[in-house]
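Just so we're on the same page: letters track the sequence lines, and every chain starts at 1.
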There are 2 protein chains.
Amino acid sequence: MGKSGGKWMAFFRGRFLHSLDAKGRVAIPQRFRESLGGEEAEIRLVMSVDPEGCLVVYPEAVWRELEQKWEALPQMNDELKTYLRFMVGWASDGALDRQGRILVPPPLREYAGLDHEVWFVGVLQNFEIWNGERLEKATGSDRVRSVTQKLSGLF
Amino acid sequence: MGKSGGKWMAFFRGRFLHSLDAKGRVAIPQRFRESLGGEEAEIRLVMSVDPEGCLVVYPEAVWRELEQKWEALPQMNDELKTYLRFMVGWASDGALDRQGRILVPPPLREYAGLDHEVWFVGVLQNFEIWNGERLEKATGSDRVRSVTQKLSGLF
DNA sequence: TGATTAGTGGGGAAAAGTGGGGGAAAGTGG
DNA sequence: CCACTTTCCCCCACTTTTCCCCACTAATCA
């Protein structure tokens, strides 16, 4: 589900505030769970490269497409290796538990600065998990407005 | 319905004062409901980028066209990511309930400064939901006049 | 002035999110 | 190979949110 003509459809939208409990679990928003393909969905949890780090969650199928692109590249390339060490080296595969929650491994939690309150943000093909202050900084209206100016010619 | 020769027709016009109840619900004006395509219409509720933020409501089909444009762009681009985090990250998908109301999620309500009284404003292909004072500021006659000057060459 | 239609408000069932107890499974050290 | 600890994940209980249904008011129109 979710495929259409070999390309993924736009799926994840909106933001949701959830809480990471003492055991490191967070519930995935119900809307997102549906888009992931229900109960036994597989996901990949990785670190974002942006200055304000967040975590990025990919449906398994979307992630696999990325991996295929990487595999097609010349493997001796040092820059690619550095990139993969980061992207793949930290990637955690997991599934949802019966209550629709995932477990965020401590290193990832720390990287993204996640404490009790976390924001889920949908960005079409995948979604992100943010610390509140970082998200605010990353989506501050000044920043967004200047970006919008630049992109507005495109559509 | 709604389409004509691949381009959307102008649909939403006028302003209406409605009230947001304690549960965060507002009735969509009947005129707008018809243009949305009746009872089981799907909508997208998003944030505007303007300094005085309001909410923007798109018929599902109009919004999807936007998303398709975004998906066609290179996804690694940082500026696009920032843009999507704002546009898509605030987008809430929803449907009308049996009384023709929508539920405005708390984060959006807060961002747009909506309390009990809200204004609906039609702007052709979509419509907006405003806090009264903000709307007044955004449509002050001085402001409108200066904008009109700038645009006067175009039509 | 009754009838129809739009908007408003609230009760209540169902669904979604939260937190903790405890057993299974995996990892660690003798 | 066997304790012992740690991690994970199931189940259950509780709270909050969402969304159905129904009933009331206001406005419109013949």
Give a yes or no on whether a salt bridge exists between [X] and [Y], defined as a side-chain N under 4.0 angstrom from a carboxylate O.
X	Y	answer
Lys69(B)	Glu65(B)	no
Glu52(B)	Arg143(B)	yes
Glu42(B)	Arg13(A)	no

Sugar-phosphate, base or nothing in reach of Arg31(B), heavy atoms under 4.0 Å: nothing
Sugar-phosphate, base or nothing in reach of Ile28(A), heavy atoms under 4.0 Å: sugar-phosphate
For Arg101(A), all residues meeting side-chain contact (heavy atoms from CB on, under 4.5 Å), sequence neighbours excluded: Asp21(A), Arg25(A), Ala27(A), Asp97(A), Gln99(A)
Geometric class of the Phe32(B)/Phe127(B) ring pair [parallel <30°, tilted 30-60°, perpendicular >60°]: tilted
First of Leu17(A) and Leu20(B) reached from the 5' end of DNA chain C, by closest nucleotide: Leu20(B)
To the nearest angstrom, how far is [X] atom [atom1] from [N] atom [atom2]?
X	N	atom1	atom2	result
Gln30(A)	dT18(C)	CD	C1'	15 Å
Lys23(B)	dC20(D)	NZ	C1'	9 Å
Asp97(B)	dA13(C)	CG	C1'	15 Å
Arg98(B)	dG9(C)	CZ	C1'	18 Å
Phe120(B)	dT8(C)	CZ	C1'	13 Å
Phe16(A)	dG17(C)	CZ	C1'	12 Å
Leu96(A)	dC9(D)	CG	P	11 Å
Gln99(B)	dC20(D)	CD	P	9 Å

Axial bend angle, the helix from dT1(C)-dA30(D) to dG30(C)-dC1(D): five-pair end segments, nearest 10°: 30°
Selection residues 105-124 of chain B - residue pairs positive for salt bridge (charged side-chain N to carboxylate O under 4.0 Å, His left out), sequence neighbours left out: none
Side-chain donor/acceptor contact of Arg25(B) with base of dG7(C) under 3.5 Å: no
First encountered from the 5' end of DNA chain D, between Pro106(B) and Arg101(B): Pro106(B)
OP1 or OP2 of dG17(C) under 4.0 Å from side-chain N/O of Ser19(A): no
side-chain N/O His116(A) vs dG19(C) OP1/OP2, d < 4.0 Å: yes
Polar side-chain atom of Arg134(B) near backbone of Gly53(B) as donor-acceptor pair, under 3.5 Å: yes
